[in-house]
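Have a look at the structure below, then the notes.
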Amino acid sequence: MRDIALVAFAQTDHRRSSDELSEVEMLMPVLHDVLAQTGLQTSDIGFTCSGSSDYLAGRAFSFTLALDGVGAWPPISESHVEMDGAWALYEAWTKLLTGEADTALVYAYGKSSPGSVRDVLTRQLDPYYVAPLWPDSVALAALQAQALIDAGDTDEPALASVAARSRAEATANSHAQLRGSVPHGDYLVRPLRTGDCPPIGDGAAAVILAAGERARELCARPAWIRGIDHRIEAHGLGVRDLTDSPSARLAAEKAGAFERPVDTAELHAPFSSQEVVLRKALRLGDDVRVNPSGGALAANPIMAAGLIRIGEAAAAVHRGESDRALAHATSGPCLQQNLVAVLEGDPL
Amino acid sequence: MPEVLKAPLAVEFPFTRSLGPVQSAFLTGLRERVVLGVRTGDGQILVPPVEYDPVTAEEIRDLVEVAPAGTVTTWAWNHEPRRGQPLDTPFAWVLVRLDGADTALLHALDVPGPDAVRTGMRVRVRWAATRQGAITDIACFEPYEGRPAEPAQPAGHTGQFADPITGIVAAARLDYTYSPGRAQSAYIHALSDRRTVGERCPSCHKVYVPPRGACPTCGVATSEQVEVGPRGTVTTYCIVNIKARNLDIEVPYVYAHIALDGAGLALHGRIGGIPYDQVRMGLRVEPVWTEGARYPDHYRPTGEPDADYDVYKELL
Ligand SMILES: [Zn+2]
């Protein structure tokens with residue numbers, strides 16, 4: 001297999017609203033940023049893949065407008081996933097593995113501000129038995145949180161401390177939307193308080209992948225993707241044990257995460273309770289630094305937040321702050337789908 | 001910078017979905033106040049039932065009837081019900097394992113407050129007054145003191161009902177406040193003064209109309225505004241012979257690509273003020289505005305000589 005690395009990462013400042021910008025206007029600066037980091041032009045990129053959602057935008061084929069930002073002419077090799085950009089990265093990784101391209105640009109964006117993201121996310125649920133009841137994303141996460149509390153895996157003060165630690169870590173992240181001390185707030189859907197829930201915001205991110213020697217040319221310390229895998233749970237919420245995430249564990253195992261300890265983990269856990277599930281499923285000890293970026297509790301641009309976890313993990317490797325990092329992305333209600341990547345730097 | 005425009009945008013869709021044999025039996029059963037589950041290969045009973053085993057992916061059709069009462073496996077207190085949710089008074093979301101089932105069903109529980117709900121409490125179905133074969137035929141759950149029958153052994157069920165439902169209409173509405181962003185806002189603002197503005201790419205110098213803030217050829221941001229038109233040249237056209245619904249234009253009419261003077265690509269518009277069979281490539285046209293309109297109604301000939309093909313051939 002070819003060695004493939006993440007060589008550049010950029011993200012927007014995530015904000016509650018960016019209505020002065022269209023999606024492509026919001027996206028363009030991060031595309032230019034990753035290209036500038038590597039010295040590449042859009043015409044040098046072998047494969048382009050993006051993640052976004054029409055339901056968030058409220059328009060069909062909304063991703064085609066964002067394509068203006070990557071110079072889609074002359075015809076480029078391009079694809080799109082109607083999912084978080086982490087899954088676009090997975091597609092790009094497989095494309096590079098085939099040898100058909102040596103570099104890939106992966107980007108993702110989401111503007112939650114035009115609509116009501118709690119309502120929008122109900123449309124991804126089972127349309128026969130669940131979606132007609134309009135259970136919103138916070139309600140479903142709250143069911144999972146109560147299951148964890150009943151199982152003795154956590155309690156409300158422990159959840160509050162997860163949220164407080166995330167926002168404290170985010171003080172060092174200028175892109176984050178919620179930083180420092182954030183009131184834990186009232187119940188949004190009990191047992192989750194506003195502080196247990198992610199901020200609603202707009203944002204975008206982009207990364208560049210490169211294979212083999214090309215990666216070394218483009219980056220002083222490439223973040224080599226040692227393994228990446230994604231798995232899914234049964235869609236029926238009542239079929240699953242909500243206190244566990246066997247799909248995250250299996251993805252981690254297949255990605256090689258358990259072969260050697262990791263020093264850093266970027267977990268896509270939009271709700272404080274989901275970090276509890278993931279720490280257990282991914283067997284993360286207290287010596288692993290979890291979400292030094294602040295994680296999704298500090299900024300959760302839907303469709304980009306998972307790609308940002310991979311980008312943040314890679315950036316820690318680039319900076320020499322991590323030698324072996326785990327990155328996780330999720331999609332769907334209550335951690336339904338999980339992707340795990342393991343990133344390593346060359347020995348310093 | 002002019003104010004960025006905003007407008008309400010409602011997206012509504014009545015998705016029409018067909019049901020497979022198991023879903024049809026389950027939803028028809030709800031209409032008849034019967035709750036059905038399905039037995040998996042390893043003997044688990046799934047409620048609500050699915051057509052494929054979540055573990056083995058085998059097709060499963062072995063229907064059983066379970067009780068309309070059960071036990072809460074987890075809950076969440078929803079003090080501010082949202083549009084479309086089962087109750088409009090504060091309620092608990094619950095996962096309920098019905099007696100005889102091994103998995104839980106998501107629904108609402110009608111209780112006065114969070115102190116009246118706990119994991120493990122007994123509940124039963126409250127049926128909707130009118131039922132049509134949908135998950136909302138269960139209006140909600142309500143507290144229930146009865147114990148499960150011992151042993152809770154579900155009986156097989158044929159899943160056969162008179163007049164089974166075979167599909168559902170899943171209506172949905174989402175509300176947005178749409179903003180077209182900086183570049184398109186500037187374009188629309190200019191149109192209100194009956195001017196057309198594009199943006200020039202700093203790299204290839206092409207002028208995009210309407211501008212979207214990026215050059216799709218070069219992948220770079222555009223920001224330099226350029227006023228184009230008002231006159232232009234027909235680069236290509238077609239003759240429309242079929243009347244569109246709700247369109248108050250006599251057929252045949254001509255629909256054309258029009259390269260406004262100074263623009264790097266053509267817009268589209270209708271050509272009027274000339275018989276349809278006299279429209280031609282190279283015809284010089286100008287916009288015709290009607291009172292209160294937000295964009296030109298159509299374009300008409302200016303009377304100038306036709307443009308040379310070489311002048312507009314790059315814009316075809
Ligand atoms: Zn250009």
Side-chain angles (χ1 to χ4, degrees), chain A residues 19-26 28-29 31-32 41-43 55 57-59 65 67-74 113-116 118-120 122-123 127-136 139-147 150 187-192 234-239 242, chain B residues 1 4 6 9 11 15 17 19 23 26-27 46-48 50 54-55 73-79 82-86 93-97 103-108 114 119 134-136 168 170 172 174-185 212-221:
Chain A
D19 57 13
E20 78 283 11
L21 299 174
S22 65
E23 277 94 346
V24 69
E25 289 167 344
M26 180 176 74
M28 190 103 45
L31 296 174
H32 292 178
Q41 312 271 323
T42 50
S43 53
Y55 279 79
R59 296 191 313 290
L65 295 176
L67 273 178
D68 285 354
V70 297
W73 182 268
S113 59
S116 165
R118 286 174 70 180
D119 295 331
V120 168
T122 65
R123 298 304 94 190
Y128 303 97
Y129 302 156
V130 183
L133 306 175
W134 292 81
D136 61 282
L140 296 175
L143 286 167
Q144 185 170 35
Q146 185 64 43
D150 287 337
Y187 287 120
L188 209 49
V189 179
R190 182 170 166 173
L192 293 181
H235 71 82
L237 284 170
V239 173
L242 295 179
Chain B
M1 191 173 96
V4 170
K6 292 181 184 183
L9 171 70
V11 177
F15 275 128
R17 295 183 173 274
L19 302 173
Q23 290 171 318
F26 175 69
L27 293 179
L46 308 184
V47 179
V50 294
V55 177
T73 64
T74 189
W75 61 280
W77 184 251
N78 188 33
H79 65 92
R82 302 167 73 80
R83 184 173 74 192
Q85 295 182 344
W93 288 108
V94 282
L95 281 168
V96 176
R97 187 169 58 234
T103 62
L105 172 85
L106 178 75
H107 221 293
T119 298
I135 192 66
T136 46
I168 60 168
L174 296 170
D175 284 279
Y176 302 85
T177 301
Y178 180 67
S179 171
R182 178 199 58 79
Q184 294 187 87
S185 285
R212 293 205 297 248
C215 172
T217 311
C218 307
V220 299

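So that the names make sense, note that chain A is the first sequence line, chain B the second, and so on, each numbered from 1.
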>> I need the A:Ser22 OG to B:Arg212 CZ distance, nearest 0.5 Å.
In response: 9.0 Å
> Which region of A:Asp150, side chain (C-beta onward) or backbone (N, CA, C, O), has a non-hydrogen atom less than 4.5 Å from a non-hydrogen atom of chain B, or is it both or neither?
Replying inline: side chain
> Which atoms of A:Leu188 come close to chain B, meaning under 4.5 Å heavy atom to heavy atom: side chain ones, backbone ones, both, or neither?
Replying inline: backbone
> Stepwise, does the side chain to side chain contact (heavy atoms under 4.5 Å, CB included) test hold for B:Val11 with A:Tyr55?
Replying inline: CA-CA 9 Å; B:Val11 177; A:Tyr55 279 79; over 6 Å; no
>> Is B:Leu106 in contact with chain A via its backbone, its side chain, both, or neither, using a 4.5 Å heavy-atom distance?
In response: both
>> Please enumerate all residues that pass side-chain contact (heavy atoms from CB on, under 4.5 Å) together with A:Asp119, with sequence neighbours excluded.
In response: A:Ser116, A:Trp134, B:Arg82, B:Leu174
> Passes side chain to side chain contact (heavy atoms under 4.5 Å, CB included), A:Val189 versus B:His79? Steps please.
Replying inline: CA-CA 7 Å; A:Val189 179; B:His79 65 92; over 6 Å; no
>> Show the nearest heavy-atom pair for residues B:Arg17 and A:Pro127, with the distance to one decimal.
In response: NE-CB, 3.2 Å
> With a 4.5 angstrom heavy-atom cut-off, which part of B:Asp175 approaches chain A: side chain, backbone, both or neither?
Replying inline: backbone
> For A:Leu67, is it the side chain, the backbone, both or neither that has a heavy atom under 4.5 Å from a heavy atom of chain B?
Replying inline: neither
>> One pair to check against side chain to side chain contact (heavy atoms under 4.5 Å, CB included): A:Gln146 and B:Trp77. What are the steps and the verdict?
In response: CA-CA 10 Å; A:Gln146 185 64 43; B:Trp77 184 251; over 6 Å; no
> Can you check whether B:Phe26 and A:Tyr129 have ring centres sitting under 6.0 Å from each other?
Replying inline: yes
> For A:Ala57, is it the side chain, the backbone, both or neither that has a heavy atom under 4.5 Å from a heavy atom of chain B?
Replying inline: backbone
>> Show the nearest heavy-atom pair for residues A:Leu143 and B:Trp93, with the distance to one decimal.
In response: CD2-O, 3.6 Å
>> So, using side-chain hydrogen bond (donor to acceptor under 3.5 Å, both in side chains) as the criterion, who are the partners of A:Arg123 when residues are at least two apart?
In response: none
> If you take all heavy atoms of A:Gly58 and B:Tyr176, which pair is closest and at what distance?
Replying inline: CA-CZ, 3.4 Å
>> For the interface with chain B, which of A:Arg59, A:Gln144, A:Glu23 has the highest count of heavy-atom pairs at distances below 4.5 Å?
In response: A:Arg59
> Using a cut-off of under 4.5 Å for heavy-atom pairs, which of A:Val70, A:Leu237, A:Asp136 has the most such pairs with chain B?
Replying inline: A:Asp136
>> If the threshold is 4.0 Å, N to carboxylate O, is there a salt bridge linking B:Arg182 and A:Glu20?
In response: no
> Who wins among A:Leu140, A:Leu133, A:Val239 for the most heavy-atom pairs under 4.5 Å with chain B?
Replying inline: A:Leu133
>> Is B:Pro180 close to chain A through its backbone or its side chain, or both, or neither, when contacts mean heavy atoms under 4.5 Å?
In response: backbone
> Between B:Ala183 and chain A, which part of the residue has a heavy atom less than 4.5 Å away: side chain, backbone, both or neither?
Replying inline: both
> Which is it for B:Ile135 and A:Val130 under the side chain to side chain contact (heavy atoms under 4.5 Å, CB included) test, yes or no, and what are the steps along the way?
Replying inline: CA-CA 8 Å; B:Ile135 192 66; A:Val130 183; over 6 Å; no
>> Heavy-atom cut-off 4.5 Å, strictly under: side chain, backbone, both or neither for B:Arg97 against chain A?
In response: neither
> Which one of A:Ala147, A:Gly115, A:Pro114 has the most heavy-atom pairs closer than 4.5 Å to chain B?
Replying inline: A:Pro114
>> Please find the pair of heavy atoms, one from A:Met28 and one from B:Gly219, that lie closest to each other, and give the distance.
In response: SD-O, 3.9 Å
> So which part of A:Leu31 gets closer than 4.5 Å to some heavy atom of chain B, the side chain, the backbone, both or neither?
Replying inline: neither
> Do you know the tightest heavy-atom contact between A:Pro135 and B:Gln85?
Replying inline: CA-NE2, 4.3 Å
>> Tell me which of these, B:Cys218, B:Ala134, B:Ala108, B:Ala172, has more heavy-atom pairs under 4.5 Å with chain A than the rest.
In response: B:Ala172
> Among B:Gly213, B:Pro114, B:Ala221, who wins on heavy-atom pairs under 4.5 Å with chain A?
Replying inline: B:Ala221
> Using non-hydrogen atoms only, which part of A:Val24 is less than 4.5 Å away from chain B: side chain, backbone, both, or neither?
Replying inline: side chain
> What are the two closest non-hydrogen atoms of A:Asp19 and B:Ser179, and how far apart are they?
Replying inline: O-OG, 2.7 Å
>> For chain B, which candidate among A:Pro29, A:Gly69, A:Ser113, A:Ala141 shows the most heavy-atom pairs at distances under 4.5 Å?
In response: A:Gly69
> Based on non-hydrogen pairs under 4.5 Å, which of B:Thr103, B:Leu105, B:Thr119, B:Thr74 is most in contact with chain A?
Replying inline: B:Thr74
